[in-house]
Amino acid sequence: MDLNAIAFQLILGIASAMLYWIVSSGLTFTFGVTRVLNFAHGAFYMLGAYFTLSFFALTQNYLLSLFLGAVIVALIGAGCERGLISRIYGLPIPFQLILTFGLVLLFDDLVRIFWGSVPKMMPAQFIGSINVFGRILPVFSLYLIFAGVAIALVLYFLLSKTDWGVEIRAITVDPETAMCSGLNPAFLYATAFMFGSFLAGLGGGLYLPISSASPGMGEHIIIYAFIVTVIGGLGSIKGAFVSALIIGIIESLGALFVPWMTIALPYIALSAVLLVRPEGIFGEE
Amino acid sequence: MSSILTLSDVNSYYGKSHILFGISLEVKESEVVVLLGRNGVGKTTTLKTIMGLVPKITGKILFKDGIDLLKIPPYKKAKLGIGYVPDHGGIFPNLTVYQNMKISIKQSQSKSESTQIFELKDVFNLFPQLEHMTNRLAGTLSGGERRMLGIARGLLLNPELLIIDEPSEGLAPNIVQDIIEVIKKIRSSGVSVLVADQNLPFVEKIADRVYVIDKGEIKMSGELSELSREELEMFLTF
Ligand SMILES: Nc1ncnc2c1ncn2[C@@H]1O[C@H](COP(=O)(O)OP(=O)(O)OP(=O)(O)O)[C@@H](O)[C@H]1O
Ligand SMILES: [Mg+2]
């Protein structure tokens, strides 16, 4: 086993970590603000992939389609929040589970109706590869890493430097005081949900160049997003970034050292963190 | 003097528990009114009722010349001219002192009338210590500094009525003295103040009038000098 192989595997791990990060960041952000655990986040991820496909068919421009797809998903998310999810704020978790799981089933079937059941692909993007540590690294991995870091920076900027972000953090920590300071909770919750859905949609479109879109594709990623979110601490964005990196890296290094148990590694990590720190790495309490 | 706030026969409930029983009170222009009562008698609930933060309320609550506060959602009350400083301070610990104040400033900037009385510099005049900590996280402030930031945030809304819950609670005597001075200055700038408190020596220094509350009912009201000492102490001791 040489060091080059480990370093190379590390890069691949960071690349897949970035996909987990992008999807979990939206999930944990929405939860942090609204205290609703959105199982439909995976469905938004799937919708992001399908809308990106459809926009690509129209424009032949991948990055533009990716953005437009995420915008449409953001609007769908805002619609769901205003029409349905805002009605269950403050109710016990089972209500959230039933409602958002209902949305998963609804969107899965809508996708079958509009796009069909057969998996769909788009022409490969970011083809080509570069030589790293004597191995062939697909350019796509670099694109994922770039996208993940860019989204982290945008999130940091939004939440610490814009009025909207500061107001979101205010209502997250003390809704009553925020309201009495004139902040409109309906607006902030709806826009937070919209932004979380945007990130989900972006995740779906980002992975499209090397995978296909299919109904139910959100279920696999949502499990990872939940693992990442719980390890990082529910509601913690920093936690989601760190724990996505942990999961991505132990998976890729696991593939090198213990290939027979790679699939189990995220769950083992989850169990270990829950045993030592049930609130997650950056969780409160 | 015209009336800023009027409560008539107000009842409040948390679920099935009936907390306030037929509360009636009035705050007039440029007046400091104190809701006086010991722990658990319904002071905070009365203030929250005015802000619309209690699930079930009956009766009448009017602001200025007839604005029905029961029909207005809490988040619109800041713009209407009501500032509220809750008992836990009313600050956001995860934001800097400046960000805390900025949220209030933005509300009063978008107000229709341009009669801004309290700007950042006025607030720094009242609370000089805050000026040097604008970049600190509000969660790292001491109890007294938090209270000052909370009141500063309320003032920056440029309210016509400022409501403060237990401003003297848990503070050292010299800081209580500062708060007394601040409340007097707020009053002389023409803002009406409604305070809930149980510390009689403090209340004596600020109140134009008091309402004594016990078990969710107003038992006495008037200028402190007019009220019988024995009765007052009976309502304030356990
Ligand atoms: N959210 C709530 N749900 C149920 N009951 C409540 C709630 N908040 C307050 N109460 C009850 O209402 C009554 C009045 O409480 P309130 O907080 O208004 O008293 P207070 O006069 O402000 O007391 P303190 O001086 O301790 O702040 C108490 O019996 C309290 O237990
Ligand atoms: Mg109280």
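Only this structure's heavy atoms are used, side chains among them; waters, hydrogens and symmetry mates stay out. Residue numbering restarts at 1 for every chain, and letters A, B, ... go by the order of the sequence lines.
The backbone N or O of A:Val23 sits less than 3.5 Å from a side-chain atom of A:His41, completing a donor-acceptor pair. One N or O on the side chain of B:Ser192 and one on the backbone of B:Ser30 form a donor-acceptor pair closer than 3.5 Å. Judged by distance alone, with hydrogens and angles left aside, the side-chain atoms of A:Ser16 form a donor-acceptor pair with the main-chain N or O of A:Gly13 at under 3.5 Å. Proximity of a side-chain donor or acceptor of A:Ser86 to a complementary backbone N or O of A:Glu81 within less than 3.5 Å is detected.
By a heavy-atom distance cut of under 4.5 Å, B:Lys48, B:Met51, B:Leu53 are the residues of residues 40-61 of chain B near chain A, going up by number.
Taking the centre of each ring, A:Tyr20 and A:Tyr224 come in below the 6.0 Å mark.
If you measure heavy-atom distances from A:Thr172 to chain B, you find no contacts under 4.5 Å at all. Proximity to chain A (any heavy atom under 4.5 Å) is shown, for B:Pro74, by both the backbone and the side chain. Neither the backbone nor the side chain of A:Ala186 has a heavy atom closer than 4.5 Å to any heavy atom of chain B.
Ring orientation note: the planes of A:Phe195 and A:Phe198 are close to parallel, at an angle under 30° on the 30°/60° scale.
Of the listed residues A:Asn184, A:Val166, A:Val173, the one with more heavy-atom pairs under 4.5 angstrom with chain B than any other is A:Asn184.
One finds a salt bridge joining B:Asp208 and B:Arg187 here, because a Lys/Arg side-chain nitrogen approaches an Asp/Glu carboxylate oxygen to under 4.0 Å.
Contact annotation: the side chain of B:Arg153 never approaches that of B:Val85 to less than 4.5 Å [non-hydrogen atoms, C-beta and beyond].
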